[in-house]
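Taking it in order: structure first as structure tokens, then the write-up.
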Amino acid sequence: MTDKQVDVHSTDSGRPAKDRPWVMRTYAGHSTAAASNALYRKNLAKGQTGLSVAFDLPTQTGYDPDSPLSRGEVGKVGVPVPHLGEMRRLFEDIPLTEMNTSMTINATAMWLLAMYQVVAEEQNPEMAPSEVAHRLAGTTQNDIIKEYLSRGTYVFPPEHSLRLISDMIAYTVHEIPTWNPINICSYHLQEAGATPTQELAYALCTAIAVLDQVKASGQVSEEDFGKVVGRISFFVNAGVRFIEETCKMRAFVRLWDEITRERYGVEDEKMRRFRYGVQVNSLGLTEAQPENNVQRIVLEMLGVTLSKNARARAVQLPAWNEALGLPRPWDQQWSLRLQQVLAFESDLLEYDDIFDGSHVIEAKVAELVAGAKEEIDRVQAMGGAIAAVESGYMKQALVSAHAARRARIESGEEIIVGVNRFDTTEPSPLTANLDEAIMVADPQAEQAALDSVAQWKAQRDEAAVAEALAALAADAKTDKNLMPATLAAARAGATTGEWAGTLREVFGEFRAPTGVVGAVGVAEAGEELAAVRRRVKETGEELGGRLRLLVGKPGLDGHSNGAEQVAVRARDAGFEVIYQGIRLTPEQIVAAAVAEDVHCVGLSILSGSHMELVPDVLAGLREAGLEDVPVVVGGIIPESDGKRLVEQGVAAVYTPKDFGLTGIMDGIVEVIRTAHDLD
């Protein structure tokens, strides 16, 4: 059953008819296309009304599984889709012309949409390709600005990334009119520390940058520009402060209506409607007492469903155990059932907006609108969102806001139940066996993907692929829309890595500012931090200089929030910090450790690739003669993996339960002292 088929209007006499519920999704994809396909079909049978596809990091960053940069990352945080054959497997027996599919894909969004369209054409050979395209419904996230700020799966420089987005929007408005070509994504801004005001402002600045680019491209007429605005959707985050989140969503509605009416002259009220989907907050999920995450998820869901006038069009919920590792199908089912109970058992959908006329709500909405306008004006005065990315302004603001939140949690000002308050607990049957409380990625997934790419290349027409990629490169050097050349490359059999590699040759690559330099850390040092500062200073003096900590992110994982907070707190504790940003190879990390003569290496990995990448760093340090430099590791690391890493030589492993950054700094000083036999 798809979202187009749900019937919720059969009610008992005397009760008001219910509104249509939101599209219900779970964010899913893992290991292989075949395994993910089985999961999708199972979830649809359980009542899920749309698909939300998670792609693995090589697919998101434009690499094939056989790239050295893909080692350890294939199939870990999503499904690998390196070529058209795997896209066919991903949607086998799922009719795409009847489906609403959301694809969390950004830098390579044009390529994945092209393969999706080609598979839909293959499923419907009796239809003309244009007719098939007109029947497709769904969303490509395609918001590259937030990738520079928070999630890290960008590839190309900002101007070229905006060009790809603009080309996709122009193409879909004309050829796939019911597709949302971009999902302006404030979700990861909140994960990176954004306040509600920053989340509103930076997401809307992104939308302004995109719409200005589309208008400047000249690919859409003035008459059709309202259609562009009407297909812009948003993807937001909702935290546990659900009253504030409700007000934030009402503020989004008000601001978007004003911007599209006044800046772009869109007169059709329907085209100005703020359309958004949501995944509620994962940042606030805890490893300690993870059963508490269920009520957190429910409260977060209320923030985007209670207000009818600002209700989400699609909702996907994280699972209770995401702070522990990869959720199992049962965990995802639980999250789906939370939505279904609210939509079908409660009376939520039977009433008009319950907040209309509330003085409290209106005052908070007005406060958020005013604050967001002020920040939007500040960014626009800098030259807009792209200028604020390139200067590092927005990134620095997010790192500072996140540091302030961490400080409030550590001081106890912001209470996290089961973490910094009410932390005594009974043994939980949910986590009695931690190794079975999460899903383990298929260890054969990487080899399966390597075999798939080799077989694909062996059977394709190499001349046709070369010709298609040459045409893509040629068009990229002009102002032609790149979607037709991309579709041709997909049909010819090019791979994800080849498509992205071709554009890398033309556009180049980009490394975004880290935001650590200049970020505001702990404003006032308490006794705990002061004590650690003394230890850092004294240990440095004993070793003949200031202590130097290298913070490294090996692999393709772009979630840098944790690494940035470690870097900021280490700086506040007196360390000299070397942090070069995301997506480094183990060899690059080792080279930096040698060049900077560091006392400790801290590795941050959230993608599940720790068992492949950390041993590579350890081996590299030994080969470089730095076996006395201790290595500490942080991330979402199952307990059994943590023990194995320690056995292999890691000095300490930190996971989300270790929320005290100052305590982690003290632990780093201790491992340095131990490595140098200091009492």
Side-chain angles (χ1 to χ4, degrees), residues 27 52-55 57 59-62 78 101-113 138-173 179-192 194 198-214 217 228-238 252 255-256 259-260 274-279 282 312-314 316 376 379 384-390 394-395 398 500 510 512 558-561 582:
Y27 182 50
S52 180
V53 182
F55 296 99
L57 289 173
T59 303
Q60 292 185 52
T61 52
T101 304
S102 172
M103 294 192 281
T104 302
I105 197 71
N106 296 282
T108 57
M110 179 180 284
W111 175 247
L112 272 297
L113 177 59
T139 302
T140 34
Q141 192 169 95
N142 204 20
D143 170 8
I144 207 66
I145 290 177
K146 67 92 175 50
E147 297 298 319
Y148 300 128
L149 295 175
S150 56
R151 193 166 169 269
T153 66
Y154 57 82
V155 175
F156 312 112
E159 62 179 299
H160 300 295
S161 295
L162 268 188
R163 184 257 181 99
L164 290 170
I165 292 169
S166 176
D167 283 358
M168 278 186 67
I169 291 173
Y171 174 81
T172 55
V173 162
W179 192 268
N180 302 319
I182 185 169
N183 219 201
I184 306 293
C185 187
S186 74
Y187 176 87
H188 296 93
L189 299 179
Q190 187 180 121
E191 297 273 291
Q198 290 172 328
E199 188 179 344
L200 285 162
Y202 297 165
L204 292 169
C205 283
T206 295
I208 290 169
V210 168
L211 288 173
D212 284 355
Q213 174 73 18
V214 173
S217 76
V228 173
V229 172
R231 297 318 303 176
I232 300 287
S233 65
F234 288 76
F235 185 65
V236 307
N237 203 330
F252 256 132
L255 285 163
W256 184 241
I259 289 168
T260 54
F274 184 78
R275 301 160 56 252
Y276 78 98
V278 62
Q279 167 151 328
S282 294
R313 303 278 288 260
Q316 58 193 45
I376 289 170
V379 171
I386 293 299
V389 165
E390 293 176 335
M394 286 199 289
K395 181 65 172 178
L398 293 175
F510 182 74
H559 286 85
S560 57
N561 305 332
I582 62 172

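Throughout, residue positions are numbered sequentially from 1 according to the sequence presented.
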Original post:
Backbone N or O of W256 within a donor-acceptor pair of the T260 side chain at under 3.5 Å?
Top reply: yes

Original post:
If you measure from CG on L112 to OG1 on T101, what distance do you get to the nearest 0.5 Å?
Top reply: 12.0 Å

Subject >> H188 vs H559, side chain to side chain contact (heavy atoms under 4.5 Å, CB included): CA-CA, chis, key distance, verdict >> reply: CA-CA 9 Å; H188 296 93; H559 286 85; 4.1 Å; yes

Subject >> Test applied, side-chain hydrogen bond (donor to acceptor under 3.5 Å, both in side chains); reference residue, Q141; option that passes from N180, N106, T153 >> reply: N106

Original post:
With a 4.5 Å heavy-atom cut-off, do S186 and K146 have their side chains touching?
Top reply: no

Subject >> Flag for Y187-S150: side-chain donor and acceptor within less than 3.5 Å >> reply: no

Original post:
Looking only at heavy atoms, what is the nearest atom pair of Q213 and R163, with distance?
Top reply: NE2-CA, 4.1 Å

Subject >> Residues M110, D167; criterion side chain to side chain contact (heavy atoms under 4.5 Å, CB included); working and verdict >> reply: CA-CA 9 Å; M110 179 180 284; D167 283 358; 3.8 Å; yes

Subject >> Non-hydrogen side-chain atoms of S161 and Y154 separated by less than 4.5 Å >> reply: no

**OP:** Work out which heavy atom in I105 is nearest to a heavy atom in T59; give both atom names and the distance.
**Re:** CD1-O, 4.2 Å

Original post:
Does any non-hydrogen side-chain atom of N237 lie less than 4.5 Å from one of E199?
Top reply: yes

Subject >> From CA spacing to verdict: side chain to side chain contact (heavy atoms under 4.5 Å, CB included), E191, L398 >> reply: CA-CA 9 Å; E191 297 273 291; L398 293 175; over 6 Å; no

Subject >> Polar side chain donor-acceptor pair, S233 to N183, under 3.5 angstrom >> reply: yes

Subject >> pair R275-R231: side-chain heavy atoms closer than 4.5 Å >> reply: yes

**OP:** Report yes if the side chains of Y202 and I184 come closer than 4.5 Å at any heavy-atom pair, otherwise no.
**Re:** no

Original post:
Just wondering, do I386 and E390 contact through their side chains at under 4.5 Å, heavy atoms?
Top reply: yes

Subject >> Spatial distance of atom CG (L164) from atom CZ (F156) [nearest 0.5 Å] >> reply: 6.0 Å

Original post:
Short question: side chain of S560, backbone of G152 - any donor-acceptor pair under 3.5 Å?
Top reply: no

Original post:
Does a side-chain heavy-atom distance below 4.5 Å link I165 with I144?
Top reply: yes

**OP:** For the pair F252 and F234, name the ring-plane relationship: parallel under 30°, tilted 30 to 60°, perpendicular over 60°.
**Re:** tilted

**OP:** Report the C-alpha separation of V278 and Q316 in whole Å, then their side-chain angles, then the decisive distance to 0.1 Å, and conclude whether the side chain to side chain contact (heavy atoms under 4.5 Å, CB included) test is met.
**Re:** CA-CA 6 Å; V278 62; Q316 58 193 45; over 6 Å; no

**OP:** Check T61 against L57 and note the closest heavy-atom contact, atom names and distance.
**Re:** OG1-O, 2.7 Å

Subject >> A109 backbone acceptor or donor facing N142 side chain under 3.5 Å >> reply: no

**OP:** Might you point out which heavy atoms bring M168 and L113 nearest each other, and give the distance in Å?
**Re:** CE-CD2, 3.5 Å

**OP:** Taking Q60 for its side chain and A107 for its backbone only, find out whether a donor-acceptor pair lies under 3.5 Å.
**Re:** no

Original post:
What heavy-atom pair brings P157 and Y148 nearest, and what distance separates the two atoms?
Top reply: C-OH, 3.3 Å

Subject >> Atom of C205, atom of I376 and distance for their closest heavy-atom approach >> reply: SG-CA, 3.8 Å

Subject >> Rounded distance [0.5 Å steps], CD1 in I182 versus OG1 in T140 >> reply: 8.0 Å

**OP:** Determine whether T139 and F235 make a side-chain contact, defined as any pair of heavy atoms from C-beta on separated by less than 4.5 Å.
**Re:** no

